[in-house]
Structure formats: structure tokens, C-alpha cells
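What you see is a predicted model; the values in this text were computed from it and never measured. Lettering of chains follows the sequences in order, A, B, ..., and the numbering in each one begins at 1.
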Protein chains: 2
Amino acid sequence: MKELYKESVNREGFAIPYYEIPYEKFFQFGLSVDCVVFGYHENKLKVLLIKRGAKPYLGKWALPGDLVYPNENIESAANRVLRDLTEIDSLFLEQTKTYGQVDRHPAGRVITTGFYAIIDIAKHDPHAAAWADGIYWVDADNIPQLAFDHNQILTDALRILREQVGKQPVGFELLPSKFTLGELQALYEGLLGVSFDKANFRKRMLSMDVLIDCDEYQKNVPHRPGKLYSFDLKRYSELKSKGSNFEI
Amino acid sequence: MKELYKESVNREGFAIPYYEIPYEKFFQFGLSVDCVVFGYHENKLKVLLIKRGAKPYLGKWALPGDLVYPNENIESAANRVLRDLTEIDSLFLEQTKTYGQVDRHPAGRVITTGFYAIIDIAKHDPHAAAWADGIYWVDADNIPQLAFDHNQILTDALRILREQVGKQPVGFELLPSKFTLGELQALYEGLLGVSFDKANFRKRMLSMDVLIDCDEYQKNVPHRPGKLYSFDLKRYSELKSKGSNFEI
DNA sequence: CAGATAAAGTGTTCTGTTGACACTTATGGT
DNA sequence: ACCATAAGTGTCAACAGAACACTTTATCTG
């Protein structure tokens, strides 16, 4: 084996695989990114889907995604896809998993890296990018059949979102900068699909010491107005670096 | 943009990117896997490193890894690398992250997907595969400088291991099939770098109801022999599917 | 204006978990 | 016989979490 290996370097001395497959074949992979963009509206979690405008899976539902350019970093590509759709750079854009089944793409060997992002639906009106025929918000608990292995990618992203949402202040992205504790509670209930006791939820949130009391109240609501808070990112970072862990 | 796109399909009608870069350039990526293999010995967490036998980074420390074959799934490639080194199929081989900085490999655009595995050092004596000049167990808290971005990959894997170890019964892989609660505690302390109260640790472990009492005891130890337990994978799966969560 | 409605916001009790710690037990070594 | 070492147990106080009842403050409706 060792001997075999020593013959298996190319002319510049770089290691190449030692089976009888031409060197070039190892450099014919395509790489794409697929973004699972979560939004939140009326107590419901939504996902941004497109209608494909080209083969394969022409006209089918799919996650927004694109091939990575030869001189482009993966994260940059994911940001580009998101920016093409929403014209914003999301604060949360995290890698989920990478999918590379040999037969996942009919046009060749295409690896895809999944990302998930969270945006505030009210703030951004997404529009179809060049590579899509249409773009729609779809309920996260009612996803149609998607192209490629996108159902798997979406399912994984949803699981990862739910795992993270309790441990990182992910959710605050989905709220206006000033919000009531009731809105915050509804958000978490929507994301996690559970319900909390109001009194206990407030106590926990306020005791974590990452909310700034804005000393303002809601207006024009047909009930007692709630006090407005904002998220103290600086304080959160301080606590995080000191090792305290944020847990819902 | 839309118009531009509609011209941007190749002769079979597949979507191709719409910038002025030849189609072929999008399919010149290489894909590799890098495995962070954890082992545990004498209360210390170890990582399996190789000495590279070819350029680039000839003679430097690196993670074991290899290019993925054109007709090989990513997970299969990771399993192959591990099997080449240890002659076993690890029960735990999980994806961590994918790394694709444009300039991470001097020989071209190579994407790499990280994996982490856990094996029992006592059971498997690793040997250098064809693509390595040597293979060594190195203390996880004293890692030398590694080739490529392997230090980053290792750091991420270690963080992910520590996150998972409290939530999945990962650690049992590292112990003999029958073990004492003291050994289990030492393992978790080694992995997580903390120490637990003995009484409380036992209570928690036994209350989780995933340990089988073997009704046997240690032999030839210079102190009171501990009772032996084994991990009840079946019971664990049952509990998991019922939604109860295993937490250290 | 009176009452209904809706959600904000508070206080109290009960219970189970967690951490700290002291103690007893069993084995081999000297 | 005694020591060292680690196994294994019991208790108690403090805290965190769930459950629930209650008060407060706004708009809406007649």
C-alpha cells in the first residue's frame, strides 16, 4: 500500500488517490448551497420556497439555492442567494449539513451545503431571483414535495433550528426591535410548537438579564398595553463569554 | 435578470449560472473528507493524527482524510478513511461542518467535509494507511499546528463532541462493554473537562434507566470492587423515541 | 357610562431536582 | 492490624419549575 502510494503523486508532487481512476475525475464535482429561510408571521413559522424555472424538476417546489462560483467562498454563496431574494444580509445564516449522495443530481455530481437563515417577514418582501419563477412563504408544518433531496435538507434545518432556538437568542431576529414579553412568548411557542405558562415565562426571561426595559408601552391595542423591551446583545455576549448559558 | 437566466440553460435544458463564466468551471471542485477520530485512554481524550507523506504540507501533522471518489457517497468516504486506519466501522461517525475557503488548498479548489468518530483505543491499534507516513494518538488539549485548516476542523469537532456528549450516549463507545459507574464518571469528566459529585452522578445515571445491572463485580482491584453495568441501547432507543431526553 | 373583552402583569404554593457533604462498606497492600 | 483507595448510601437545604388564582389597564359595544 505504501509503495503504491509513493507512485501516486502527480508531477508537482501532490498526493493523488491510488486507485485506477484518472486524476481529473476527482475534480469534477459541482458545489451548491441551499438556503432554508425561516420567517415568522401570525404565530406561524414559514419557510421560503421557490418554483423552479429550469430542469431538472422544472416547475417543482424547491429551496432557494445556487451553484457556488469557482472563486467564491461557500458562506458568500449562501449570502448571495439570500441577498438575491431578500436584499438583506441576514444576521443569522448558519451551516446545517452537507449532502452528497452520488445520484442526488441528474446533471452530474453536485454536492450541496445546507444553510438556515431567519428573517422578519414584515421587514422584507422577497422577490424571485433570476433563477426562480416564483417565490412563496409556505407553512413550515405543511411542506409540499420538493426537488432533489430538499425535503431532507429542510427537515434537518428545522430540527437544528429548534435545537438552537432554546440555546441562542435566535428568535429575536424575528421580532421588531422593541417587543412585549407576550410577543416574545408567542414567538417561542410558535417556533417550538409548545405553550408556556405566562407568569413563569416572564420570570425566566427577565431573570436572564438580557432584556432592556424601554420604558415605553404598546399603543392602540384593545387591551392593557404591554411594556416594550429590546434585546441586549452586548449584555448577552458578556454573559456568554463568562460561560453562563442562555436556556429557555 | 429573468431574461438573462432564460438564456442560461445548457443544451439539455439544465439550469446553469448566468454570469460569464464557462459552464465547466462550475464542475471543477474536488471534495475530500477529514476525520477527527477521538479516543480515550487513562482519563485523557486523544485525537488520531497522521504525518503527511506528500505535498502539500509534506511531513506535517494533519487529520486523516482523503478525496472522495467520483462514485462514492461522502459518508462512505469517511467510513473508508476510518476503516483504512482502524479496520473497524465506527458506530459513531458524524458530520461536523464543511469547509470551502477558496484558498484552502494550493492544488485547486478542494472542499472538505469534517467528520468525527469515537473509538476505544484499547480495542483498535491504528496503522498508517497508504496515504500517511505515520499515525499517532495525540492529547486533545495539546494539538500541534496542522496542515490546511485542520486546526479549525479539529476545534469545531471537539466543541461539537462536547455538545453532543451530554445529550447522546456517545461516551459508551469508549468504554468496555461492562464498566463501573466510577469508570463512566471518569470518562465524562475527561471528555467534558469538569468534575462531578460521585453520589449525584450515580443517582442521575441510574435514574435514567439505560444501564443494565450485570450482577458482576470488578476483580483484583486494591479497593472495594465496583458493580459492573452495561449500556442498554435498546432501552435507550425506546426512551428516545418516546421523547424523553437523555441529559447528563 | 356600564359592562364586556382581552391581554398585561403579580403573588403564592407545591413539588421535584441539584449540589454539598458526611458517612459506611469492601477489597488489596504493607 | 491497619492503611489506602475507591465503592456506595443517606440527608438536608436551596433552588427552579409547574400550576394556578388573582389584579390591572386598555379598548370596544351597547
What is the separation between atom [atom1] on [X] and atom [atom2] on [N], rounded to the nearest whole Å?
X        : N      : atom1 : atom2 : value
A/Lys219 : D/dA26 : NZ    : P     : 12 Å
A/Leu181 : C/dT10 : CG    : C1'   : 13 Å
B/Leu206 : D/dT9  : CG    : C1'   : 12 Å
B/Leu184 : D/dA6  : CG    : P     : 17 Å
A/Leu228 : C/dG9  : CG    : P     : 9 Å
B/Phe201 : C/dA20 : CZ    : C1'   : 17 Å
B/Glu216 : C/dA26 : CD    : C1'   : 18 Å
B/Met208 : C/dG16 : CE    : P     : 20 Å

What's the closest nucleotide to the side chain of [X] if the choices are [options]?
X        : options                : result
A/Lys203 : D/dT9, C/dG9, C/dG11   : C/dG11
B/Pro222 : C/dG29, D/dA19, D/dG10 : C/dG29
B/Pro225 : C/dA26, D/dA7, C/dT10  : C/dA26
A/Asp197 : D/dC28, D/dC20, D/dA18 : D/dC20
B/Tyr217 : D/dA7, D/dG8, C/dA8    : D/dG8

Check: B/Ser195 main-chain N/O paired with B/Glu189 side-chain donor or acceptor under 3.5 Å: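 Pair absent, no side-chain N/O of B/Glu189 close to backbone of B/Ser195.
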Quiz item: A/Asn200 side-chain donor-acceptor pair to D/dA19 base, under 3.5 Å: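 By the distance-only test, yes, there is a pair.
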Aromatic plane relationship, A/Tyr236 with A/Phe231 - under 30° parallel, 30 to 60° tilted, over 60° perpendicular: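 Plane angle between 30° and 60°, so tilted.
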Parallel, tilted or perpendicular: rings of B/Phe172 and B/Tyr188 (30°, 60°):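 Answer is perpendicular, since the angle exceeds 60°.
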5'-most by nearest nucleotide on DNA chain C - B/His223 or B/Arg204: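 Result of the comparison: B/Arg204.
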First encountered from the 5' end of DNA chain D, between B/Lys198 and A/Lys198: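 Here B/Lys198 is the residue nearer the 5' end.
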No-hydrogen, no-angle side-chain donor-acceptor test under 3.5 Å, A/Asp34 and A/Thr112: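 The answer is yes; a qualifying pair exists.
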Nearest heavy atoms of B/Val47 and B/Ala140, plus distance in Å: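 What the structure gives for the nearest pair is CG2-CB, 4.0 Å.
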Sugar-phosphate only, base, or nothing, as touched by B/Lys227 at under 4.0 Å among non-hydrogen atoms: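 Answer is sugar-phosphate: B/Lys227 comes under 4.0 Å of backbone atoms only.
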Contact under 4.0 Å: B/Arg224 side-chain N or O vs C/dT25 OP1/OP2: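 Checking B/Arg224 against C/dT25: no side-chain N or O falls below 4.0 Å of OP1 or OP2.
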